[in-house]
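Inspection log for the structure reproduced underneath, given as structure tokens.
Indexing begins at 1, ligand by ligand and atom by atom, following the structure's order. The figures that follow rest on heavy atoms only: side chains count, while hydrogens, waters and symmetry mates do not.
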Amino acid sequence: MAKIGWIGLGNMGAPMSTNLVKAGNEVIVWNRTKSKAQPVLDAGAAWADSPKEIGEKCDIVFTMVADGPTLLKVALGDDGALAGMSDGKILVDMSTVSAEESATVAEAAKAKGVELVRAPVTGSTALAANASLGILASGDKATYEKVLPYFEKMGKNQFYLGSGEQARIMKLCLNLMIASTMQMEAEAVVLAEKAGIETRQACDIIAGSAAGSPLTGYKAALIAGGEYAPAFSVKLMMKDLDLALAAGKQYGVPLPSTALTRQSLQSAAATGRAEKDFSVLTQCLEEQSGYKRP
Ligand code: NAP
């Protein structure tokens, strides 16, 4: 049985790796902040002291970290996974990073005889916990097929998009829609609230309408609750929209709604909400509209 390595135990990486442990795999984990590993260690994973040790001990290494610079560090650093990996091993990155950062890692991996499967995910922490993520993959097809059984333990829908960086771009396409949907929801909800309609009722009507989506459904409680505990932070969504806008520039596609939503997220971050869930856009617009919930 292949030994599995897992680097990055944040809101997503922790439940995803736990699902691999629960499926009976031998999993070795590393995270910058060791305390966050406790739940997956309790589930049966083992601890490694560095990404390099993970690379040495494991056949397939998964990374799920915040952003591109972090991926470059945990994959390519002196103590990074590739420093410990050898010919025939597989690296699978499930973070949301740019196509350029991804290509840099793929090239360095190839030089060591290691294939990189690009596998960003779509879905919330709740979907990560119940193994219902969507997994967008690209890279060498035969290598993808080797890791597919592991994807099936973490996700409900797997998509193979091609041999290069296609998965990275498709992930950004989804997130620009997700972010803009929350901007539109904020506008609709605050208008409804100021006209005397109760917040939860407005959210539920939106979720059940033609304009509704799975996203508006599972954000309804968060928006109505008003606490905005992070499932996906403002900070990470700003990172994704920056990547989407850069891709738009590269391919010559204007993305006006994305640019506008990026500005709204900036104002959320500037008012102390960078670590809140990105659905906090509703709270920002309430503030800008002089509206206080009863
Ligand atoms: P998160 O909770 O913020 O976790 C980020 C992870 O990256 C943690 O393991 C963190 O380590 C690590 N990290 C950050 N900076 C680091 C550094 N300088 N060196 C080493 N490790 C570092 O993020 P998340 O929500 O799990 O998201 C992970 C990835 O999935 C992101 O690329 C995100 O865009 C993407 N994604 C998220 C969601 C979602 O709903 N949350 C959905 C789809 C995709 P520490 O624990 O030590 O901080």
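A donor-acceptor pair shorter than 3.5 Å cannot be found between the side chains of T33 and N31. In summary, the side chains of T199 and E193 do present a donor paired with an acceptor at a separation below 3.5 Å, with no hydrogens or angles considered. For T125 and N11, the side-chain atoms include no donor-acceptor pair closer than 3.5 Å.
Comment: R262 engages D242 in a salt bridge, judged by a side-chain N to carboxylate O separation of less than 4.0 angstrom. In this structure, E286 does not pair ionically with K292, as no charged nitrogen and carboxylate oxygen lie closer than 4.0 Å. Here R273 pairs with E287 in a salt bridge; the nearest charged N to carboxylate O distance falls below 4.0 Å. For the pair K219 and E185, the salt-bridge criterion is not met [side-chain N within less than 4.0 Å of a carboxylate O]. Ionic pairing of D93 and R168 is present here: one or more N-O contacts between side-chain nitrogen and carboxylate oxygen are shorter than 4.0 angstrom.
At under 3.5 Å, a nitrogen or oxygen of A66, whether backbone or side chain, sits near a nitrogen or oxygen of ligand 1. For a threshold of 3.5 Å applied to N or O pairs, the pair formed by G8 and ligand 1 contains no separation below that value. By the 3.5 Å distance cut-off applied to N or O atoms, N31 is counted among the residues near ligand 1.
Annotation: E227, atom CD; neighbour count of heavy atoms from other residues, nucleotides and ligands within 6.0 Å does not exceed 12.
Looking only at protein heavy atoms, the nearest one to atom 42 (C) of ligand 1 is G123 O, 3.1 Å. Closest to atom 13 (N) of ligand 1, if we only count protein heavy atoms, is T70 CG2, 3.7 Å. Atom 43 (C) of ligand 1 has as its closest protein heavy atom V121 O, 3.5 Å. For atom 35 (C) of ligand 1, the closest heavy atom belonging to the protein is T96 OG1, 3.6 Å. The closest protein non-hydrogen atom to atom 46 (O) of ligand 1 is K36 NZ, 2.7 Å. The protein non-hydrogen atom at the shortest distance from atom 29 (C) of ligand 1 is V65 O, 3.2 Å. Closest protein heavy atom to atom 41 (N) of ligand 1: A231 O, 2.7 Å. Considering only non-hydrogen protein atoms, atom 2 (O) of ligand 1 sits nearest to N11 N, 2.8 Å.
Remark: ligand 1 atoms within the under-4.0 Å shell around heavy atoms of L9 are 9 (O). Atom numbering of ligand 1 starts at 1 in the shown order; those under 4.0 Å from a heavy atom of G10 are 2 (O), 4 (O), 8 (C), 9 (O), 26 (O). Short contacts between ligand 1 and S95, defined as distances under 4.0 Å to a heavy atom of the residue, involve ligand atoms 32 (O).
Residue contacts with ligand 1 for T122 are absent, since no atom lies close enough (heavy atoms, distance under 4.0 Å). Within the 4.0 Å heavy-atom criterion, the part of L236 lying near ligand 1 is the side chain and not the backbone. Of the heavy atoms in A128, none comes closer than 4.0 Å to ligand 1. Using a 4.0 Å cut-off between heavy atoms, M12 contacts ligand 1 through both its backbone and its side chain. Contacts of K171 with ligand 1, taken as heavy-atom pairs under 4.0 Å, involve the side chain alone. By the criterion of a heavy-atom distance under 4.0 Å, the side chain of K73, and not its backbone, is placed next to ligand 1.
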* Mind running side chain to side chain contact (heavy atoms under 4.5 Å, CB included) on Q183 and F278 for me, showing each step along the way? => CA-CA 9 Å; Q183 169 67 24; F278 72 105; over 6 Å; no
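Under the 30°/60° scheme for interplanar angles, the aromatic rings of F62 and W6 are found to lie parallel.
When every heavy atom of A167 is checked against every heavy atom of P120, the shortest pair comes out as O-CG, 3.5 Å.
Within the model, atoms CE of M154 and CE of M12 stand 10.5 Å from one another, a figure rounded to the nearest 0.5 Å.
The residue from M64, R32, K239 that puts a heavy atom closest to atom 30 (O) of ligand 1 is M64.
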